[in-house]
Amino acid sequence: MSTTITIRGLDPVDKSWLRLQARQDNVSMEEFVRRLIREKREKTARRPKPSEAFKRHFGPDRGIELDLDRRYGSPPLTFADSGDSES
């Protein structure tokens with residue numbers, strides 16, 4: 001499947017940079033841009049989700065136990081594992 005994109009208003013300095021980088025890699029500008037897009041997509045896919053970072057820093061094996069403040073009469077919050085869902 002062939003997809004075409006057109007980039008209008010590209011800064012001449014950016015175009016020169018693309019041309020130079022493509023030439024250094026011995027590929028066309030088109031192939032160089034494909035590689036840039038693929039590289040960015042793969043890097044983004046490997047980026048941890050905020051929930052994973054939170055769990056890594058504050059998960060069940062980290063942190064401290066706090067005394068519950070019972071003066072408000074509300075039951076303490078509990079959090080279900082990510083596999084459980086309550087509606």
Side-chain angles (χ1 to χ4, degrees):
M1 180 169 84
S2 178
T3 302
T4 302
I5 62 172
T6 302
I7 302 172
R8 292 182 180 87
L10 185 62
D11 189 301
V13 174
D14 293 336
K15 183 178 179 182
S16 296
W17 177 83
L18 279 171
R19 180 175 283 131
L20 177 65
Q21 294 300 309
R23 187 178 307 134
Q24 288 176 352
D25 287 356
N26 292 318
V27 295
S28 67
M29 286 176 57
E30 180 180 353
E31 177 60 22
F32 185 76
V33 171
R34 264 193 226 106
R35 291 177 182 183
L36 285 176
I37 292 169
R38 187 177 313 115
E39 206 175 279
K40 178 66 174 178
R41 179 180 46 83
E42 290 171 355
K43 184 178 179 181
T44 301
R46 289 189 307 263
R47 185 181 311 150
K49 297 175 184 165
S51 60
E52 293 168 351
F54 186 85
K55 187 174 183 179
R56 185 173 59 250
H57 293 288
F58 303 104
D61 57 337
R62 304 216 180 246
I64 60 171
E65 292 292 325
L66 299 174
D67 292 331
L68 297 176
D69 188 356
R70 303 257 184 217
R71 65 183 157 177
Y72 297 109
S74 299
L77 292 176
T78 58
F79 297 96
D81 288 340
S82 61
D84 297 340
S85 62
E86 295 179 8
S87 297

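Not measured: the values here are computed from a predicted model. The basis for the numbers below is simple: all heavy atoms, side chains too, and nothing from hydrogens, waters or symmetry mates.
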key: Contacts of K49 that satisfy side chain to side chain contact (heavy atoms under 4.5 Å, CB included) - sequence neighbours left out   = S51, E52

Side chains of residues 7-27: which donor-acceptor pairs under 3.5 Å do they make with residues two or more places apart or in other chains?
residue: D11; atom: OD1; partner: V13; partner atom: N; Å: 2.7
residue: S16; atom: OG; partner: P12; partner atom: O; Å: 3.0

Could you list the donor-acceptor pairs under 3.5 angstrom formed by side chains in residues 35-42, with sequence neighbours left out?
residue: R35; atom: NE; partner: E31; partner atom: OE2; Å: 3.1

